[in-house]
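One structure is given here, and the rest of the page talks about it.
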Amino acid sequence: MHCTLYIVPTPIGNLEDITLRAVRILQEVDTIVCEDTRQTIKLLSHLKISKPLISFYTQNQLKRIPQIISILKDGKNIALVSDCGTPAVSDPGYYLIKEALENNINVVPLPGPCALITAVIASGLPTDSFIFLGFLKRKTGKMRKELEEVKSLEKTIIFYESPHRILKTLETCKEVFGENANVVLARELTKKFEEFIRGSLKEVAEQMQKREILGEFVVMIETEDQKIGSSEEQK
Ligand code: SAM
């Protein structure tokens, strides 16, 4: 192992969901670059691993990159992890990975937990082609525009959403896709209260209004065009 940046996915809730290879890489590297050190320390102590940590989050990432690149150039190996799931998927990582590649540093990705993939494979919505939007824009007008842009694609539309915005976001989705479009909300994936809430946008929005909203969500929408496309394909 010489001068390599490993991208290491970590569990999205269930600590058993870490690969044997990820554990070995975390044991072998010189330093671990992580988001919230408290989160990563919890995982590392569960795995009985002790390593120097460098905190790397959205607000400090650009400042940290030269330091991390210089450690790599000194011939040290680094693992990049995030608080949960796959680094660089709606998490910091992209700028560091780009900079490492520009500096001819070996970048090695490990496969592993990712909320997007975990959610879509059990959604019951088409998985042959989907589009992932990360977190949507917060302002309603911008969010609507972003959704309008993908509405006519015959693809399952997937994005991440937090509990305090989910109701408002479902309302915007109803305006854009129509209240009959199929939606699946995946919450608490891999955890004790894992749940998939399925139905039309109207049904799911009504159901969500009546209950306490806890946990982070993956939202998946089947567009009307997609339904027409797949039924025509089957003819
Ligand atoms: N990098 C992560 C990944 O690979 O999925 C995503 C990090 S992003 C900051 C966090 C978002 O991912 C949450 O707001 C939620 O939308 C989704 N997420 C993460 N863990 C989840 C879980 N256990 N159940 C449902 N959604 C989850």
Side-chain angles (χ1 to χ4, degrees), residues 5-19 21-22 25-26 32-40 42-43 46 55-61 64 79-98 107-125 127 130-138 143 146-147 150 156-170 172-173 183-198 204-205 207-208 211-221:
L5 174 65
Y6 293 91
I7 307 170
V8 182
T10 56
I12 58 170
N14 187 328
L15 289 177
E16 288 177 350
D17 293 332
I18 187 147
T19 69
R21 186 173 171 215
I25 295 294
L26 291 175
I32 298 173
V33 169
C34 62
E35 272 191 276
D36 183 345
T37 49
R38 290 164 303 182
Q39 276 302 114
T40 302
K42 264 191 238 161
L43 174 70
H46 173 76
S55 78
F56 182 77
Y57 45 87
T58 311
Q59 292 78 4
N60 82 349
Q61 55 177 331
R64 280 278 197 262
L80 169 68
V81 302
S82 56
D83 284 350
C84 77
T86 301
V89 176
S90 294
D91 265 340
Y94 163 68
Y95 293 112
L96 173 61
I97 292 158
K98 187 167 175 280
V107 174
V108 175
L110 272 64
C114 180
L116 152 72
I117 299 298
T118 310
V120 73
I121 55 174
S123 67
L125 300 182
T127 50
F130 55 82
I131 181 159
F132 175 58
L133 304 175
F135 285 101
L136 298 178
K137 302 267 187 304
R138 288 184 182 204
M143 182 189 287
E146 204 178 359
L147 294 171
V150 294
T156 301
I157 293 163
I158 308 176
F159 55 88
Y160 288 159
E161 191 51 285
S162 66
H164 59 276
R165 283 202 301 267
I166 189 78
L167 287 181
K168 207 161 161 245
T169 299
L170 288 174
T172 308
C173 289
V183 63
V184 180
L185 306 183
R187 61 177 284 274
E188 300 284 85
L189 287 164
T190 77
K191 301 183 193 177
K192 188 172 173 195
F193 297 107
E194 175 179 274
E195 186 182 17
F196 286 82
I197 305 157
R198 300 180 170 89
V204 170
Q207 197 185 327
M208 295 303 288
R211 57 185 275 179
E212 191 187 6
I213 301 178
L214 298 169
E216 302 287 297
F217 292 86
V218 182
V219 182
M220 295 160 283
I221 297 170

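Whatever order the structure lists ligands and atoms in, that order sets their numbers, starting from 1. As the structure is a prediction and not an experimental result, all values here were calculated from the model.
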Quiz prompt | side chain to side chain contact (heavy atoms under 4.5 Å, CB included) between Q61 and L96, intermediate numbers included | solution = CA-CA 8 Å; Q61 55 177 331; L96 173 61; over 6 Å; no
Exercise. For G85, take its heavy atoms, then give the atoms of ligand 1 lying under 4.0 Å from any of them.
Key: 3 (C), 4 (O)
Self-check item: Contact atoms of ligand 1, heavy-atom distance to E161 under 4.0 Å
Solution: 16 (O)
Do me a favour and list the nearest non-hydrogen protein atom to [atom] with residue, atom name and distance?
atom                    : answer
atom 16 (O) of ligand 1 : F217 O, 2.6 Å
atom 18 (N) of ligand 1 : A115 CB, 3.5 Å
atom 10 (C) of ligand 1 : F135 CZ, 3.9 Å
atom 7 (C) of ligand 1  : D91 OD2, 3.3 Å
atom 25 (C) of ligand 1 : E216 O, 3.4 Å
atom 2 (C) of ligand 1  : C84 O, 3.3 Å
atom 8 (S) of ligand 1  : S90 O, 3.5 Å
atom 24 (N) of ligand 1 : L189 N, 2.9 Å

Quiz item: Is there a side-chain contact between L110 and P9 (heavy atoms, below 4.5 Å)?
Solution: yes
Quiz item: Any side-chain heavy-atom pair from I18 and L43 closer than 4.5 angstrom?
Solution: yes
Looking only at distance, does [X] have an N or O less than 3.5 Å from an N or O of ligand 1?
X    : value
I12  : yes
T86  : yes
V89  : yes
Y160 : yes

Practice problem: Select one of side chain, backbone, both or neither to describe which atoms of A186 lie under 4.0 Å from any atom of ligand 1, heavy atoms only. | Solution: backbone
Practice problem: Check each heavy atom of E188 against ligand 1 and say whether those closer than 4.0 Å belong to the side chain, the backbone, both or neither. | Solution: backbone
Separation of [Y] [atom2] from [X] [atom1] (nearest 0.5 Å):
X    : Y    : atom1 : atom2 : answer
R211 : I213 : CZ    : CD1   : 7.5 Å
K168 : R138 : NZ    : CZ    : 11.0 Å
T169 : M143 : OG1   : CE    : 3.5 Å

Quiz item: Is there a donor-acceptor contact under 3.5 Å from the side chain of E35 to the main chain of D83?
Solution: yes
Exercise. Check whether more than 12 heavy atoms from other residues, nucleotides or ligands sit under 6.0 Å from atom CZ of F135, and answer yes or no.
Key: yes
Quiz item: Pick one: which of V219, V218, L133, L136 meets side chain to side chain contact (heavy atoms under 4.5 Å, CB included) with Y160?
Solution: V218
Quiz item: Stepwise, does the side chain to side chain contact (heavy atoms under 4.5 Å, CB included) test hold for L125 with V120?
Solution: CA-CA 7 Å; L125 300 182; V120 73; 5.8 Å; no
Quiz item: Can a non-hydrogen atom of F159 be found less than 4.0 Å from any atom of ligand 1?
Solution: no
Quiz item: V218: heavy atom below 4.0 Å from ligand 1, yes or no?
Solution: yes
Self-check item: Counterpart residues, side-chain hydrogen bond (donor to acceptor under 3.5 Å, both in side chains), relative to Q207 (two or more places apart)
Solution: none
